[in-house]
Amino acid sequence: MLVLVTMGFAFSSCSDDDDEPFTDLGSRVEGEYIGTLKPIGYTDEPARAYVSLVRVADDAVSFKCTCEAFDIDPDPRNLVIEERSGGVYYLTSESTYVIEGSASGNSLSITFAIGDIEWFFSGSK
């Protein structure tokens, strides 16, 4: 009986499974960001804006930006996340929409186009 218990413990405690590195990038960048939005190439003053990144997969988030001052509230778009260098995550549109940016720590910078106007958002969680 003692041999069976010892064998059971040995098999359950000794494992050659290697832990996979944490690859859930969606959880790393998701959140609510508050910052400023400015149309690129125009003289308008930046306005307060809100960006929501919601995890939809390990390597993707849903992007939504709202800004009352510029009357911006487009439909959410999915962004693919890629970690290229320590702690910096690059976000790009998974479709033909022009959206790209980066997240690092609690900061987010992103550019996107609505119609003929390109917008720049900069903010933090």
Side-chain angles (χ1 to χ4, degrees):
M1 182 77 130
L2 183 58
V3 171
L4 290 175
V5 171
T6 305
M7 293 290 287
F9 177 74
F11 284 119
S12 66
S13 65
C14 296
S15 173
D16 63 351
D17 294 339
D18 293 331
D19 291 335
E20 291 292 320
F22 183 76
T23 58
D24 188 359
L25 303 179
S27 294
R28 291 184 180 183
V29 301
E30 76 176 340
E32 301 294 323
Y33 295 82
I34 300 170
T36 57
L37 184 68
K38 180 165 179 36
I40 297 172
Y42 293 83
T43 58
D44 299 48
E45 290 294 317
R48 186 178 185 115
Y50 307 90
V51 166
S52 176
L53 297 179
V54 177
R55 181 190 176 280
V56 294
D58 287 350
D59 65 344
V61 290
S62 175
F63 163 79
K64 173 103 170 135
C65 179
T66 57
C67 178
E68 192 173 324
F70 290 122
D71 194 25
I72 291 180
D73 192 9
D75 293 333
R77 300 289 180 216
N78 289 342
L79 304 178
V80 176
I81 308 164
E82 181 182 349
E83 183 175 18
R84 294 190 189 156
S85 58
V88 178
Y89 304 98
Y90 291 88
L91 309 161
T92 54
S93 176
E94 70 178 12
S95 66
T96 59
Y97 292 97
V98 179
I99 307 170
E100 59 185 15
S102 64
S104 177
N106 288 333
S107 299
L108 175 70
S109 297
I110 198 159
T111 59
F112 60 96
I114 297 178
D116 294 335
I117 300 175
E118 192 169 353
W119 299 90
F120 175 73
F121 172 85
S122 179
S124 59
K125 287 185 182 180

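Just the heavy atoms: all of them, side chains too, but no hydrogens, waters or symmetry mates, feed the values below.
- Side-chain contact check for Phe70 versus Ile117: every heavy-atom pair is 4.5 Å or farther apart.
- Between Ile99 and Thr111 there is no side-chain heavy-atom pair separated by less than 4.5 Å.
- Glu68 CD: 12 or fewer foreign heavy atoms inside a 6.0 Å radius.
- Side-chain contact between Leu25 and Ser27: absent, with no pair of heavy atoms (C-beta onward) separated by less than 4.5 Å.
- Under a hydrophobic clustering in which Ile, Leu, Val, Met, Phe, Trp and Tyr are joined whenever their side-chain heavy atoms come within less than 4.5 Å, directly or via other members, Ile72 and Val98 fall into different clusters.
- Between the CD atom of Glu83 and the OG atom of Ser104 there is a distance of 10.0 Å, given to the nearest 0.5 Å.
- Residues passing the ring pair (Phe, Tyr, Trp, His ring centres under 6.0 Å) test with Phe63, sequence neighbours excluded: Phe112.
- Here CZ of Arg55 is found 12.5 Å from OG of Ser62. Values are rounded to the nearest 0.5 Å.
- In this structure the side chain of Leu37 reaches within 4.5 angstrom of the side chain of Cys65, judged on heavy atoms.
- For the 3.5 Å distance criterion, the side chains of Glu100 and Thr92 fail to qualify, holding no donor opposite an acceptor.
- In terms of the ring pair (Phe, Tyr, Trp, His ring centres under 6.0 Å) criterion, Tyr33 has no residue partners (sequence neighbours excluded).
- Taken to the nearest 0.5 Å, the OG atom of Ser102 stands 12.0 Å off from the OH atom of Tyr89.
- Residues Gly31 and Lys125 come closest through the heavy atom pair CA-CE, 4.3 Å.
- Between Glu94 and Arg77 there is no side-chain heavy-atom pair separated by less than 4.5 Å.
- Taking Ile, Leu, Val, Met, Phe, Trp and Tyr as hydrophobic and joining them when side-chain heavy atoms fall under 4.5 Å apart, one finds Val88 in a cluster with Tyr90.
- Side-chain contact between Leu91 and Leu108 is present, with at least one heavy-atom pair separated by less than 4.5 Å.
- A search for side chain to side chain donor-acceptor pair (under 3.5 Å) contacts involving Asp73 returns Lys64, not counting sequence neighbours.
- Within the hydrophobic cluster formed by Ile, Leu, Val, Met, Phe, Trp and Tyr side chains joined at under 4.5 Å, directly or through other members, Phe120 is accompanied by Ile40.
- For the atom pair CZ of Arg28 and CG of Leu53, the computed distance is 15.5 Å after rounding to the nearest 0.5 Å.
- Annotation: side chain of Thr36 is not in contact with side chain of Phe121 (no heavy-atom distance under 4.5 Å).
- Residues Val61 and Val56 fail the side-chain proximity criterion, which asks for heavy atoms closer than 4.5 Å.
- Residue Ile34 shares its hydrophobic cluster (ILVMFWY side chains chained together at separations under 4.5 Å) with Tyr50.
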